[in-house]
Amino acid sequence: MSDTTSTPSSPTSSASTLPSSAPSPELNTLSLTEERIPVSEADIAAAAALKAQANKAFTSHDFPNAARLYGEAIEKNPNESTLWCNRAYARMKLEEFGYAISDASQAIKLDPKYAKAYYRRGTCYLQTLNHQKSISDFKKVLALEPQNNTVRSQLQATQKLYRKLEFEKAIELEGEKNPVDRCHEIIAEGGCELDKAYTGPKLNVTDEGKYQITPEFVEGMIEWFKNGKTLPKRYVWEIVLGAYEHFIKEESLVTVNIEEGVTCDVIGDVHGQFYDLLHLYSLTGKPEPQHYLLMNGDLVDRGSWSIEVILTAFAYKWLYPKYMYINRGNHEAKDMNSTYGFEGEAKHKHGDQSYKLFAHVFTTLPLATLICPTQPPRTKKTNDILSPEGRRRFFVVHGGLFSKDEVTLDDIRKIPRVGRQPGQQGLMCELLWTDPQEALGRGPSKRGVGIAFGPDVTKRWCTLNGVSGILRSHEVRQNGYQIEHNGLCTTVFSAPNYVDQAGNKGAYVRIDSFGEQSYFQFEATPHPPMKPMAYVQGGLGSMMM
């Protein structure tokens, strides 16, 4: 297990891999159609050879190369439906569900009885929360393969999930009591007393009977978690409520000033990978007066220790509110938690009311953070974009930029977020869901939600707002980070060997008081034998892998 660092002057746009997959250029000239295009025997043979290479890359978990090779095969022989379906599968592994839906749809156009293509498209619709379309495709699979009991059970699980989500929406419209208020009521009524049999780390209790957090408790809690044990429900509520009291006071855009001698580490997605998070914290150090931490969303889902991750982060927020910051990601949302495991894990470990509390407190997380070094740059770069005060500052957000140019920092600061879900459109959705693209302008999202924004969009927005660069997460990068858009946009991802199969490094970015950035990479850490997505409800976990 090795950890490597790079100096502020060393990284370039080639420091990590290129974006995981390119759009489908062949779809620009080949609209979705069942019409056959004349193909020579030589091209058919070349496509078969490329397909074999792509299959080998796929089985080696080299999904970017698999997608590329399937694409080259498609260029040789666009008539073969299996090539489109296979590339859809590679893109699913890259979480490029929008692209995968297009590929699977073309496979279906070429072969309307291709059950596997319907299944993969249905899975993509499920992952992009289009449950009704997913149900329709699973039904089509069963019409073609009536004896496919695996798909039948997945159809039933998806229907159950859809009904549940629709019921919850109806309950919310009826005005269910705020879960924070309800938990306080239950505590006041004596309905959540500390289990007397509990022998783990203890929170301090004041003379007034209120709980207080200490560094010793957090250290003991982490060791307790490492030993596979859970906290009592009362402590879980106290930690979440303690963090909530700080989140609720913060604006949707938090400003963090980095004074002389202070550094701030920006951490990307960790997705419930608790043992990797502990290794990461051993590298960054704990939050303290001279060193801040900013976790940039997607702390939960996918990994099967999401409770341990979020409680550790929230405990640090409660303990060190001015040194620990947490942005909301697209997975700190109810529909994602219902699909990707956190809801099942929270309910399994701590009950329904605990999950409701987490879900509400997620809506109080800030949507972005503006990191503001307080010292002027040591050396000014030719393309530096500085604040009105002549300082560098960095916009840290989970996803990215917007479908329109004129959005200002004040607009973001004023977004009403508490009690709200990101939805499928609007500023909150775009902050949490969008991705950068190499091409100029804006394009469709490879995920099927949000948009893609080009380097010109980034430069205009940074210039308008006096921002020196954007740090975002939301996407796997094989080397843990990637600098793009002429240095104005950096992606940082902190879940190494994502879902136990991506083989990527993790990374974090350190910013000092002069606005200089350093990049640190790290490898995955062994963990106990529990698979990702272990708590996904209704047997859908295997579909998400």
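All values below come from the heavy atoms of this structure, side chains included, with hydrogens, waters and symmetry mates left out.
Inter-residue side-chain proximity for K286 and Y320 is flagged as unmet; no heavy-atom pair is nearer than 4.5 Å. Between Y99 and L94 there is no side-chain heavy-atom pair separated by less than 4.5 Å. Side-chain contact check for L357 versus L241: some heavy-atom pair is nearer than 4.5 Å. P528 places a side-chain heavy atom less than 4.5 Å from the side chain of Y275. With a 4.5 Å cut-off on side-chain heavy atoms, I371 and Y292 do not count as touching. Side-chain contact between D298 and E332: present, with at least one pair of heavy atoms (C-beta onward) separated by less than 4.5 Å.
Ring centroids of W318 and F217 are separated by 6.0 Å or more, keeping the two rings apart. Aromatic ring centroids of Y125 and F138 lie 6.0 Å or more apart. Checked against a 6.0 Å centroid threshold, the rings of F274 and H527 do not count as neighbours. Side-chain rings of F395 and W461 approach one another, their centers coming within less than 6.0 Å.
Using modelled atom types and a 3.5 Å distance limit, the side chains of T408 and D410 yield no donor-acceptor pair. In summary, the side chains of Q127 and Y340 do present a donor paired with an acceptor at a separation below 3.5 Å, with no hydrogens or angles considered. A donor-acceptor contact closer than 3.5 angstrom links the side chains of D265 and H291. Looking at H474 and R447, their side chains do bring a donor and an acceptor atom within 3.5 Å of each other. When only modelled atom types and interatomic distance are considered, Y162 and Q132 share a side-chain donor-acceptor pair under 3.5 Å. For the residue pair E430 / S403, a side-chain donor-acceptor distance below 3.5 Å is found, with atom types taken as modelled. Inspection of the E250 and Y325 side chains reveals no N or O donor paired with an N or O acceptor under 3.5 Å. Using a 3.5 Å distance cut-off with no hydrogens or angles, the side chains of T491 and R472 do pair a donor with an acceptor. Side-chain contact of S473 with H398: a donor-acceptor pair under 3.5 Å is absent, judged by distance alone.
With salt bridges taken as basic N to acidic carboxylate O contacts below 4.0 Å, none links R163 and E166.
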Start with the C-alpha distance between H279 and Y281, add both sets of side-chain angles, then the distance that settles ring-ring contact (aromatic ring centres under 6.0 Å, His included), and finish with yes or no.
CA-CA 5 Å; H279 180 48; Y281 281 167; over 10 Å; no

For salt bridge (Lys or Arg N to Asp or Glu O under 4.0 Å), just list the numbers for K249 and E245, CA-CA rounded to whole Å, side-chain angles, deciding distance to a tenth of an Å, and then say yes or no.
CA-CA 7 Å; K249 297 172 185 174; E245 291 300 327; 5.2 Å; no

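Under the 30°/60° scheme for interplanar angles, the aromatic rings of F358 and F342 are found to stand perpendicular. Ring orientation note: the planes of F493 and Y498 are nearly perpendicular, at an angle over 60° on the 30°/60° scale.
Among V236, V240, L299, V270, the one residue that satisfies the side-chain contact (heavy atoms from CB on, under 4.5 Å) test with I310 is L299.
Taking each heavy atom of D512 and I258 in turn, the nearest pair found is C-CG2, 3.9 Å. Taking all atoms of both residues into account, the shortest heavy-atom contact from E343 to S338 is OE1-OG, 2.6 Å. For A502 against N497, the heavy-atom pair with the smallest separation is N-OD1, 3.4 Å.
Y89 carries R120 over the face of its six-membered ring, with the cationic atom under 6.0 Å from the centre and within 45° of the normal.
Judged as a salt bridge (charged side-chain N to carboxylate O under 4.0 Å, His left out), and not counting sequence neighbours, K139 has no contacts.
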